[in-house]
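Every value quoted in this text rests on a predicted model; they were computed, and no experiment measured them. Here is how names work: the chains are called A, B, and so on, in the same order as the sequence lines, proteins then strands, and each is numbered from 1.
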Protein chains: 2
Amino acid sequence: MGTIKIIDVAREAGVSTATVSRVLNSHANVDPVLAGRVREAADKLGYRPNGIARSLRRQSTDVIALIISDVGNPFFTAITRGVEDIAQKTGYSVLLCNADEDSSKEATYLAVAEQSQVAGVILSPHQAGTDVSALSRASIPLVVIDRPLSEAMDSVMVHSRDGARAATNHLIDAGWKRPACITGPEEAATAQERLEGYFQAVREHGNLDELYVHAPFRQHGGLEGAARLLDSDNPPDALFVANAQMALGVLQEVKRRNLRIGVDIGIISFDDAPWAQFVSPPMSVVAQPAYDIGAQAAQLLLQRVGGSAPIEPRHIFLSTTLIVRESSRRHSA
Amino acid sequence: MGTIKIIDVAREAGVSTATVSRVLNSHANVDPVLAGRVREAADKLGYRPNGIARSLRRQSTDVIALIISDVGNPFFTAITRGVEDIAQKTGYSVLLCNADEDSSKEATYLAVAEQSQVAGVILSPHQAGTDVSALSRASIPLVVIDRPLSEAMDSVMVHSRDGARAATNHLIDAGWKRPACITGPEEAATAQERLEGYFQAVREHGNLDELYVHAPFRQHGGLEGAARLLDSDNPPDALFVANAQMALGVLQEVKRRNLRIGVDIGIISFDDAPWAQFVSPPMSVVAQPAYDIGAQAAQLLLQRVGGSAPIEPRHIFLSTTLIVRESSRRHSA
DNA sequence: ATGAAAGCGCTAACAG
DNA sequence: CTGTTAGCGCTTTCAT
């Protein structure tokens, strides 16, 4: 049973393929009678349009690709919702690609996006150097989120550095004496920015050591980072952690060492994960407006797709919010 | 600057398009010299294959679609990793689609999958009645996960009922007198199964009331479910919660009411989310082998895609693991 | 081993 | 308002 194509419908309805195409795409100027016959025929035969052929001909599709760094990170899934909500309103489907903090997977998805001629892509680049030239050559609009790209592009970013600085300052104000920073891998711009924010705060307070480690943006990264820091000669008494997944690892290691959070050690992390207020003690965090990042990025992208956007790249910056809960407070033992 | 196509490369290299195609697809029997010229030309012109055209001609693609019920649910993101790891090994890309517990979004993605002729799809159907006939008509292999479909299909499922029964029994054995169940929406088979498991346990113990509510598989669902149950005349003293996101909502409501977990109320939930051991007190759970579900599903699918699968649908059943932590233990006040 | 040429299924000029 | 037809860019027989 070969698939039914437009010509089969045409024959069944006694019209030309052009007419079939017209009614199926609800073009104007089609005799209602013929239209009826066509729809009937299509129904009867169970005709299903071939999207590939259509795309090839039209040179366009109505899907956008969202390439995120890690599906396991609630920050990115929240972004996803923002993108989906906006895209759906406009009739676009969003295909999610999990680059998994891996440049080669990212490159694969970028290639898939390019070769399947998606209408546009939203990307959180693994590194600033990520090569997106294929997209521009194919004139596929791109908006960059979370991490900047060396090339100028529409983007929506967060003032990570300020958030990190605020977090660290909060730790110091709360009475902790040796705050340290567990940040992401060196190649990640957000990791650097958060580290810089930490540096700023520490320097503002003078005579404080700069204590930090780089580690993967994952639970095990947080665990390892905490272990390294805590094993050092003059260990920190407070930790600023660069993302929620790492924070879980930190919790794990802190628990293993039987350290009392709020007494032996203070903790604050980036990202207000759904669980943050339920861990013990409730985790203080620097919340990012994840949903908005997604929504705004989608808006920017859809404007470009629709052609209603200026030539120059636009940059949107969003701010973080410091949410103080318990893990960062200091109580004497 | 029109896009470079295969014929441009052919001209540049002084060969036919057929030859270009052959070297680019590393077919055998190509003169190394010509092959070199072709590659050089392609490089020089910056040729990028058009995947759409290729797919149209080949009538196939190398991407599989994974349609999940909710990206925000760590259970599904863990499945995603399993699928990705297997797919990648075989050279397939996986496109993730978030149906968001919504039949119409699900239908949209099913249509996208069909029309873009993905090699196969892995789906966690929103309802048993989800219409996948379009896929079969297009002979796109499908494997169903998590929730069954009325049609016979390759599937990988979990013995939810047994897990639920074990969880409830554990609650009873721990000394709780009025265990209740907060399960998902009625249309979700997993919600029903978990409820049935709860019923089984309760009935095995005789003279226990059957206390339960249906609610969305989300945090707010858990919150609302807990509120309704706790507001009833003769409220439960223990809660079996049907998924991790709901459990967060339960925690929220329980906290709001200042109920002491382990004293005033016992809790156990489905799914061992990354945060489960860090909430206060550590959450007892029924763990599902999420990664394996994904990996096995991908294996099943890839066999069909490769044609190396029997005609009859295969069904894989995986078991849950009861992990007792603190939230389900009972201490006198 | 290479090239010519026929489409894959659809849409959009262009004619009528 | 409808039909004819020329491709979209690529792969793959079929000849040579």
Spell out, as yes or no, whether a donor-acceptor pair under 3.5 Å connects the side chain of A:Asn25 to the backbone of A:His27.
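Side chain of A:Asn25 to backbone of A:His27, a donor-acceptor pair under 3.5 Å: no, none is there.
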
I need the [atom1]-[atom2] distance between [X] and [N], as an integer number of Å.
X: B:Gln115; N: C:dC10; atom1: CD; atom2: P; result: 10 Å
X: A:Asn25; N: C:dT11; atom1: CG; atom2: P; result: 5 Å
X: B:Arg57; N: C:dA6; atom1: CZ; atom2: C1'; result: 8 Å
X: B:Arg58; N: C:dG9; atom1: CZ; atom2: P; result: 16 Å
X: B:Ile7; N: C:dA5; atom1: CD1; atom2: P; result: 12 Å
X: A:Arg48; N: C:dG9; atom1: CZ; atom2: C1'; result: 15 Å
X: B:Glu114; N: C:dG9; atom1: CD; atom2: C1'; result: 14 Å
X: B:Gln117; N: C:dG9; atom1: CD; atom2: P; result: 9 Å

Does any part of the side chain of B:Leu318, heavy atoms only, come nearer than 4.5 Å to the side chain of B:Val156, both counted from C-beta?
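Touching, per the 4.5 Å side-chain cut-off.
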
Atom [atom1] of [X] and atom [atom2] of [Y]: how far apart are they, to the nearest 0.5 Å?
X: A:Asn50; Y: B:Ser116; atom1: CG; atom2: OG; value: 9.5 Å
X: B:Arg304; Y: B:Ser139; atom1: CZ; atom2: OG; value: 12.5 Å
X: B:Arg147; Y: B:His126; atom1: CZ; atom2: NE2; value: 6.0 Å

Select base, sugar-phosphate, or nothing to describe what [X] touches, counting heavy atoms under 4.0 Å on all strands.
X: B:Thr19; value: sugar-phosphate
X: A:Ile52; value: nothing
X: A:Ser55; value: nothing
X: B:Leu34; value: sugar-phosphate

Nucleotide nearest B:Arg22 (side chain, heavy atoms from C-beta), chosen from C:dT11, C:dA4, C:dC8:
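Nearest listed nucleotide: C:dA4.
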
Side chain of B:Thr17 (C-beta onward), nearest among C:dA5, C:dT11, C:dT2
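Shortest atom-to-atom distance from the side chain points to C:dA5.
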
Of B:Leu56 and B:Gly14, whose closest DNA chain C nucleotide lies nearer the 5' terminus?
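This one resolves to B:Gly14.
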
5' precedence on DNA chain C between A:Leu24 and B:Ser16 (nearest-nucleotide basis):
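That would be B:Ser16.
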
Can you name the one residue among A:Val132, A:Val143, A:Asp146 that meets side chain to side chain contact (heavy atoms under 4.5 Å, CB included) with A:Leu123?
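For A:Leu123, the side chain to side chain contact (heavy atoms under 4.5 Å, CB included) test succeeds with only one of A:Val132, A:Val143, A:Asp146, which is A:Val132.
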
Ion pair check, A:Asp31 and A:Arg22, cut-off under 4.0 Å:
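A:Arg22 and A:Asp31: not salt-bridged.
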
Under 4.0 Å between a side-chain nitrogen and a carboxylate oxygen: does that hold for A:Asp62 and A:Arg54?
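Here A:Asp62 does not pair with A:Arg54 in a salt bridge, since their nearest N and O are not under 4.0 Å apart.
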
Assign each of B:Ala18 and B:Ala53 to its nearest nucleotide of DNA chain D by heavy atoms, then name whichever residue's nucleotide is nearer the 5' end.
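Its nearest nucleotide lies further toward 5', so the answer is B:Ala53.
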
Give me the first and last nucleotide of DNA chain D, going 5' to 3', that has any atom under 4.0 Å from a heavy atom of chain A.
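In short, chain A contacts DNA chain D from D:dC1 to D:dG9.
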
Within less than 4.0 Å of OP1 or OP2 of C:dC10, is there a side-chain N or O belonging to A:Asn50?
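No, A:Asn50 has no side-chain N/O under 4.0 Å of OP1/OP2 on C:dC10.
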
Check whether any side-chain nitrogen or oxygen of A:Gln59 sits under 4.0 Å from OP1 or OP2 of C:dA12, and answer yes or no.
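Answer is no, no contact under 4.0 Å.
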
